[in-house]
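Before any comments, here is the structure.
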2 protein chains.
Amino acid sequence: MELSCKSEYALLALLELATHYQSGEPLQIRQIAAQQNIPDRYLEQLLATLRRCGLVRSQRGAKGGYLLGREPWKINLFEVICCLEGTDSQSAQKDSGNKITLESTLLREIWQEGCHAANAVLQRYTLQDLCEKRDAKRQLDIMYYI
Amino acid sequence: MELSCKSEYALLALLELATHYQSGEPLQIRQIAAQQNIPDRYLEQLLATLRRCGLVRSQRGAKGGYLLGREPWKINLFEVICCLEGTDSQSAQKDSGNKITLESTLLREIWQEGCHAANAVLQRYTLQDLCEKRDAKRQLDIMYYI
DNA sequence: ACTAAACCCTAGTGTAGAACTGGGGTATGT
DNA sequence: ACATACCCCAGTTCTACACTAGGGTTTAGT
């Protein structure tokens with residue numbers, strides 16, 4: 001029930017891109033990595049995965065970098081996590097080891113129901129929402145500081 | 001987002017115990033393992049974990065075995081999975097590697113919200129419910145067969 | 001008391017995935 | 001041309017999962 005490092009890094013990176021979305025300028029891996037202290041070579045791979053899902057666009061060469069693939073209010077957390085965690089091409093074969101009984105399918109159904117509930121929560125939040133929540137929190141922190 | 005083998009085995013075993021709950025007689029590891037085709041030496045460990053959580057009681061010696069720790073309608077799926085997956089004694093230290101930023105805590109909060117939604121689903125189902133659902137399904141299968 | 005049946009405890013093994021790390025290739029703005 | 005930045009693929013370390021194995025302890029029945 002843990003949020004994987006992978007997904008967390010990717011979400012933090014996208015959050016960074018969302019923050020600079022208005023500028024229209026691409027952000028470089030190094031910058032994002034430094035800002036959120038993520039190992040840059042690892043982030044590179046994650047961004048490549050996000051690119052394949054169309055969640056980010058890349059610009060090669062000098063002055064290149066990454067841009068959000070869509071507007072920040074049109075990207076929700078669920079699809080980001082799906083993009084990274086979803087490497088289930090052989091998930092059907094993986095389960096073939098355990099025999100599929102009546103009871104096991106029943107359990108899987110209920111488990112799926114739980115997953116669906118969790119996904120519904122993640123689908124409700126967009127990158128835009130996160131940015132706003134973060135800004136609200138920052139304001140609160142400043143208030144307390146004073 | 002996969003139901004671990006561990007949890008599945010444990011739930012299947014508990015389901016078996018719930019089925020024979022009325023008899024008052026203990027069920028042996030071998031019997032449960034054979035019925036649900038689970039490796040018996042592995043199941044032994046899972047039952048030990050369940051025992052430490054009080055979800056099952058054990059009777060040692062000849063004619064021994066396992067009994068449910070409580071009535072089947074008083075055990076829900078959430079606590080079973082918690083019992084098995086909850087080995088997080090050092091989870092606090094585990095996260096110390098990644099710096100805790102404002103953004104990361106925000107992400108964790110939303111993730112927790114999702115987890116909570118999933119757990120709520122699992123809490124709604126008891127072993128009793130599962131037995132009834134299984135029996136209903138079995139009846140349906142028979143109907144289709146005729 | 002003896003024995004066999006059952007649980008109990010600890011430790012080892014093999015595999016797979018997560019989280020990096022590194023090297024070399026390709027496009028692009030100046 | 002050349003530095004900058006993305007691109008692709010391969011290797012490495014570490015940890016957890018899913019077992020596997022060996023020996024110990026309790027108890028019912030004889």
Side-chain angles (χ1 to χ4, degrees), chain A residues 1-13 17 25-34 36-52 56-67 69 81 84-91 93-99, chain B residues 1-13 17 25-34 36-52 56-67 69 81 84-91 93-99:
Chain A
M1 293 294 199
E2 278 274 317
L3 177 61
S4 74
C5 218
K6 212 160 140 181
S7 296
E8 185 177 339
Y9 287 164
L11 286 168
L12 290 172
L17 289 175
E25 295 286 302
L27 264 181
Q28 286 123 38
I29 292 177
R30 308 292 281 282
Q31 294 177 353
I32 303 172
Q36 299 286 344
N37 51 283
I38 301 170
D40 53 352
R41 298 306 302 272
Y42 190 40
L43 179 59
E44 196 178 343
Q45 292 171 33
L46 302 182
L47 285 169
T49 306
L50 292 174
R51 186 173 52 81
R52 281 178 215 114
V56 299
R57 281 180 302 124
S58 65
Q59 180 148 351
R60 300 182 70 168
K63 291 279 173 67
Y66 286 91
L67 291 158
I81 291 170
L84 292 156
E85 237 74 12
T87 338
D88 319 292
S89 55
Q90 308 117 336
S91 64
Q93 295 184 341
K94 189 184 169 190
D95 293 339
S96 62
N98 301 355
K99 283 187 185 159
Chain B
M1 294 292 200
E2 278 274 316
L3 177 61
S4 73
C5 216
K6 212 161 142 180
S7 296
E8 183 176 341
Y9 286 164
L11 285 168
L12 289 172
L17 289 175
E25 295 285 303
L27 263 181
Q28 287 124 38
I29 293 177
R30 309 292 281 281
Q31 293 177 354
I32 302 172
Q36 299 286 344
N37 52 284
I38 302 170
D40 53 354
R41 298 304 303 272
Y42 189 40
L43 179 59
E44 196 177 344
Q45 292 172 30
L46 302 181
L47 285 169
T49 306
L50 292 174
R51 186 174 51 81
R52 282 178 215 115
V56 299
R57 282 180 301 125
S58 65
Q59 180 147 350
R60 300 183 68 169
K63 290 280 172 64
Y66 286 92
L67 291 158
I81 290 169
L84 291 156
E85 238 74 12
T87 339
D88 318 294
S89 54
Q90 307 118 338
S91 64
Q93 295 184 342
K94 189 184 168 190
D95 293 339
S96 62
N98 302 355
K99 283 185 186 161

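The model shown is predicted, which means the values in this text are computed figures rather than measured ones. Heavy atoms only: backbone and side chains are in, while hydrogens, waters and symmetry mates are out.
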Treat primed atoms plus P, OP1 and OP2 as sugar-phosphate and everything else as base, then score nucleotides 2-12 of chain C 5' to 3': B for base contact with protein heavy atoms under 4.0 Å, S for sugar-phosphate contact only, - for none. ---BSBBB-B-
Taking all heavy atoms of B:Tyr66 and all of B:Leu17, pick out the closest pair and write down the distance. O-CD2, 3.3 Å
Name the residue from A:Val56, A:Ile32, A:Leu67 that meets the side chain to side chain contact (heavy atoms under 4.5 Å, CB included) definition with A:Leu27. A:Ile32
Out of D:dA18, D:dT20, C:dA19, minimum distance to the side chain of B:Lys6 belongs to D:dA18
Please identify each residue that fulfils side chain to side chain donor-acceptor pair (under 3.5 Å) with A:Gln31, with sequence neighbours left out. A:Gln28
For A:Ile38 and C:dC20, give me the distance from atom CD1 to atom C1', rounded to whole Å. 13 Å
What is the distance, to the nearest angstrom, from the CG atom on A:Leu43 to the P atom on D:dC7? 12 Å
B:Arg30: which residues meet the salt bridge (charged side-chain N to carboxylate O under 4.0 Å, His left out) condition with it, sequence neighbours left out? B:Asp40
Between A:Tyr42 (OH) and D:dA10 (C1'), how many Å, whole number? 16 Å
Length of the line joining A:Leu46:CG and C:dT21:P, which is rounded to integer Å: 13 Å
Looking at residues at least two apart in the chain, or sitting in another chain, which of them share a salt bridge (charged side-chain N to carboxylate O under 4.0 Å, His left out) with B:Glu25? none
Rounding to 10 degrees, work out the angle separating the end axes of the helix from C:dA1-D:dT30 to C:dT30-D:dA1 (five pairs an end). 10°
In whole angstrom, give the distance that lies between atom CD of A:Gln31 and atom P of D:dA5. 8 Å
Can you tell me how far C1' of C:dG23 sits from CG of A:Asp40, to the nearest Å? 14 Å
Restricting to non-hydrogen atoms, name the atom on A:Leu43 and the atom on A:Ala13 that form the minimum distance, rounded to 0.1 Å. CD1-CB, 3.9 Å
Between atom CG in A:Leu67 and atom P in D:dA5, what is the gap in whole Å? 14 Å
Would you say A:Tyr9 reaches C:dA19's phosphate, i.e. side-chain N/O to OP1/OP2 under 4.0 Å? no
According to side chain to side chain donor-acceptor pair (under 3.5 Å), who are the partners of B:Thr49, at least two apart in sequence or on a separate chain? none
Separation of atom CD in A:Glu2 from atom C1' in C:dG17, rounded to whole Å: 16 Å
From CD1 (A:Ile38) to OH (A:Tyr9), nearest 0.5 Å: 6.5 Å
Which atom pair, heavy atoms only, marks the closest approach of B:Leu84 to B:Ser7? CD1-CA, 3.8 Å
